[in-house]
2 protein chains.
Amino acid sequence: MALEHAILVSLLEKPGSGYELSRRFERSIGYFWTATHQQIYRVLKRMESDGWIDVREVPQQARPDKKEYSVAALGRDVLSQWLHEPIEPESVRHELAVKIRGAAFDDPAALIREVERHHQAHTDRLAHYLAGERRDFTGPKAPATPDAGQQLQHVVLRGGIAYERMTLAWLDDVLDTLRRLGPER
Amino acid sequence: MALEHAILVSLLEKPGSGYELSRRFERSIGYFWTATHQQIYRVLKRMESDGWIDVREVPQQARPDKKEYSVAALGRDVLSQWLHEPIEPESVRHELAVKIRGAAFDDPAALIREVERHHQAHTDRLAHYLAGERRDFTGPKAPATPDAGQQLQHVVLRGGIAYERMTLAWLDDVLDTLRRLGPER
DNA sequence: TCTTTCTATGCAACTCGTTGCATAGACAAG
DNA sequence: CTTGTCTATGCAACGAGTTGCATAGAAAGA
């Protein structure tokens with residue numbers, strides 16, 4: 001499991017509350033690791049009782065109070081140890097691919113709209129990543145000499161961008177294939 | 001959930017036992033949907049008691065008997081209905097990306113070996129996919145006029161190939177970044 | 001002969017992840 | 001003044017997925 005570790009990395013980058021973490025998991029960290037707020041709250045509790053992170057009650061005006069978490073010494077050790085352990089290369093879970101193969105036993109043309117929808121979603125995601133890259137790394141306001149953390153965040157984001165571009169090209173290929181099949185029926 | 005649907009697709013392509021399905025989930029279908037044999041046996045049981053699939057006891061010599069499953073009419077309906085429902089575009093789960101961002105708080109150079117290991121694994125997977133493509137789709141023994149099912153299987157495999165190529169290029173980018181960071185410490 | 005490997009199926013326990021629901025203060029729009 | 005939205009936290013129940021273990025016949029190799 002790596003949700004704990006993803007949270008440790010995020011809290012090292014910047015301490016925050018469960019709510020703030022769940023927002024980060026909708027962007028930034030969430031580009032390559034997803035989690036719902038319920039999951040995050042549950043895991044934060046366990047991490048705190050295990051001494052990996054510290055809590056600080058922060059009163060706020062015009063808002064409910066929050067609990068700000070930060071990484072404790074033990075949490076740093078846990079993360080460091082995990083970083084030195086090998087992990088398995090990812091295995092994919094691509095529901096759309098199951099559908100595409102399933103289309104052979106149904107109407108392939110009926111899938112076109114669905115694939116177009118996915119194409120649009122990935123186009124949006126790519127635009128979002130590129131805007132983030134310009135804002136934080138390649139634009140005029142970006143740091144001229146990025147530190148290690150920024151360079152590593154950038155290379156991860158470049159991975160997301162490459163993934164979306166590859167996916168869009170593949171979805172074009174899928175659409176071509178479905179359209180070629182369609183008229184024959 | 002789509003394990004049921006992945007199993008339906010696989011059984012439509014060719015009926016088989018739980019054991020055979022679990023082997024297919026290590027190749028072919030497993031390229032984009034993973035499942036362990038325990039998961040498969042459990043789901044097969046539920047699908048059978050729900051009337052989605054039929055069982056046939058097949059005695060074998062030199063081997064334990066097996067239960068061969070095939071898709072029932074109800075299963076075809078269920079699959080067809082699922083194919084017409086929209087699904088969410090995939091969200092990624094990339095443990096290595098968490099590690100890379102985490103490396104900012106540890107020794108980036110220590111990750112190089114790990115990334116190289118992943119590079120090797122993806123190189124192997126790509127070679128495996130390309131061999132499968134040559135065998136089934138582009139080689140001399142491939143069908144000259146592939147049917148719809150074969151064309152759809154091929155486009156899914158092309159997706160796997162594109163994914164591996166993209167990943168390898170990104171891992172090269174990651175290695176460059178880590179090596180540039182290393183000497184500065 | 002003994003160990004290992006392959007085919008073949010399955011239970012039990014556990015962890016991970018999702019979904020639905022609940023609470024509660026503050027603010028904005030209608 | 002009511003409804004909706006945003007911040008903020010959490011419980012309970014369920015479903016999905018993993019890990020460990022067990023059984024059992026046959027073949028292959030040491």
Side-chain angles (χ1 to χ4, degrees), chain A residues 1-7 10-11 15-27 29-30 32-50 53 55-69 82 87-88 90-95 98, chain B residues 1-8 10-11 15-27 29-30 32-50 53 55-69 82 87-95 98:
Chain A
M1 227 283 274
L3 178 55
E4 282 92 334
H5 306 114
I7 287 175
S10 193
L11 288 180
S17 68
Y19 186 80
E20 283 161 356
L21 281 170
S22 74
R23 317 253 33 210
R24 289 185 212 169
F25 275 82
E26 283 165 16
R27 45 179 300 291
I29 287 275
F32 50 87
W33 202 269
T34 54
T36 60
H37 77 273
Q38 288 87 346
Q39 239 183 304
I40 290 166
Y41 282 121
R42 198 202 287 147
V43 171
L44 279 174
K45 228 165 221 189
R46 190 175 64 228
M47 291 169 76
E48 202 247 309
S49 78
D50 289 350
I53 53 179
V55 207
R56 195 169 61 96
E57 290 272 344
V58 179
Q60 299 183 111
Q61 71 267 57
R63 284 177 193 198
D65 297 353
K66 66 174 180 176
K67 297 180 185 172
E68 197 183 72
Y69 292 93
W82 176 71
I87 50 172
E88 284 296 299
E90 318 293 318
S91 40
V92 197
R93 274 279 168 113
H94 214 307
E95 220 174 340
V98 178
Chain B
M1 226 283 274
L3 178 55
E4 282 92 335
H5 305 114
I7 287 175
L8 285 173
S10 192
L11 288 180
S17 67
Y19 186 80
E20 282 161 356
L21 280 170
S22 74
R23 316 253 32 209
R24 290 185 212 169
F25 274 83
E26 283 164 17
R27 46 179 300 292
I29 287 274
F32 49 88
W33 202 270
T34 54
T36 59
H37 77 273
Q38 288 87 348
Q39 239 182 304
I40 290 166
Y41 283 121
R42 199 201 287 144
V43 170
L44 279 175
K45 226 162 225 190
R46 190 174 64 228
M47 291 169 78
E48 202 248 308
S49 77
D50 289 350
I53 53 179
V55 207
R56 196 170 60 95
E57 291 272 343
V58 180
Q60 298 182 111
Q61 70 266 58
R63 284 177 193 198
D65 297 353
K66 66 174 180 176
K67 296 181 185 172
E68 196 184 71
Y69 292 93
W82 176 71
I87 51 172
E88 285 296 299
E90 318 294 318
S91 40
V92 197
R93 275 275 168 116
H94 213 307
E95 219 175 339
V98 177

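It should be emphasised that the depicted structure is a prediction, and the values quoted were computed from it without experimental measurement. Protein chains get the first letters and strands the later ones, always in sequence-line order, with residue 1 at the start of each.
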Handout entry: Backbone N/O of A:V43 and side chain of A:E4: donor-acceptor pair under 3.5 Å
Key = no
Practice task
Identify, between A:P64 and B:Y69, the residue whose nearest nucleotide on DNA chain C lies closer to the 5' end.
Solution key: B:Y69
Practice task
With the side chain counted from C-beta on, respond yes when B:V98 and A:I29 share a heavy-atom pair under 4.5 Å apart, and no when they do not.
Solution key: no
Problem - Between C1' of D:dC6 and CZ of A:R63, the distance in whole Å - result: 8 Å
Practice task
Could you check which residues of residues 16-23 of chain B get a heavy atom under 4.0 Å from DNA chain C? Sort them by number, please.
Solution key: B:S17, B:G18, B:Y19, B:R23
Problem - Gap between atom CD1 of A:I53 and atom CD of A:E68 - 0.5 Å precision - result: 11.5 Å
Handout entry: Selection from D:dA8, C:dG10, D:dT9 that lies nearest to any side-chain heavy atom of A:K67
Key = D:dT9
Exercise for the section: State plainly whether the residues B:E26 and B:R23 are in salt-bridge range, i.e. N to O under 4.0 Å. Expected result: yes
Handout entry: Within-4.5 Å side-chain heavy-atom neighbours: B:K67 and B:R56
Key = no
Problem - Of A:T34, A:T36, A:I40, the residue whose pairing with A:F25 passes side chain to side chain contact (heavy atoms under 4.5 Å, CB included) - result: A:I40
Handout entry: Base versus backbone protein contacts along nucleotides 15-23 of chain D [heavy-atom cut-off under 4.0 Å; B, S, -]
Key = -SBBBBB--
Problem - Any donor-acceptor N/O pair, B:E90 side chain to A:E95 backbone, under 3.5 Å - result: yes
Practice task
Would you kindly give the NZ-to-P distance between B:K66 and C:dT7, to the nearest whole Å?
Solution key: 12 Å
Problem - Rounded distance (Å) that lies between atom P of C:dC6 and atom CD of B:E26 - result: 11 Å
Problem - Gap between atoms CD1 and C1', on B:I40 and C:dT9 respectively (whole Å) - result: 12 Å
Handout entry: Point-to-point distance, once rounded to the nearest 0.5 Å, from CD1 of A:I7 to CH2 of A:W33
Key = 11.0 Å
Problem - B:K45 NZ - C:dA12 C1' separation (whole Å) - result: 13 Å
Handout entry: Qualifying residues under side chain to side chain donor-acceptor pair (under 3.5 Å), relative to B:E48, sequence neighbours excluded
Key = none
Exercise for the section: Name the closest nucleotide to the B:Y41 side chain, picking from D:dT7, D:dG25, C:dG10. Expected result: C:dG10
Problem - A:L44 CG - D:dC11 P separation (whole Å) - result: 12 Å
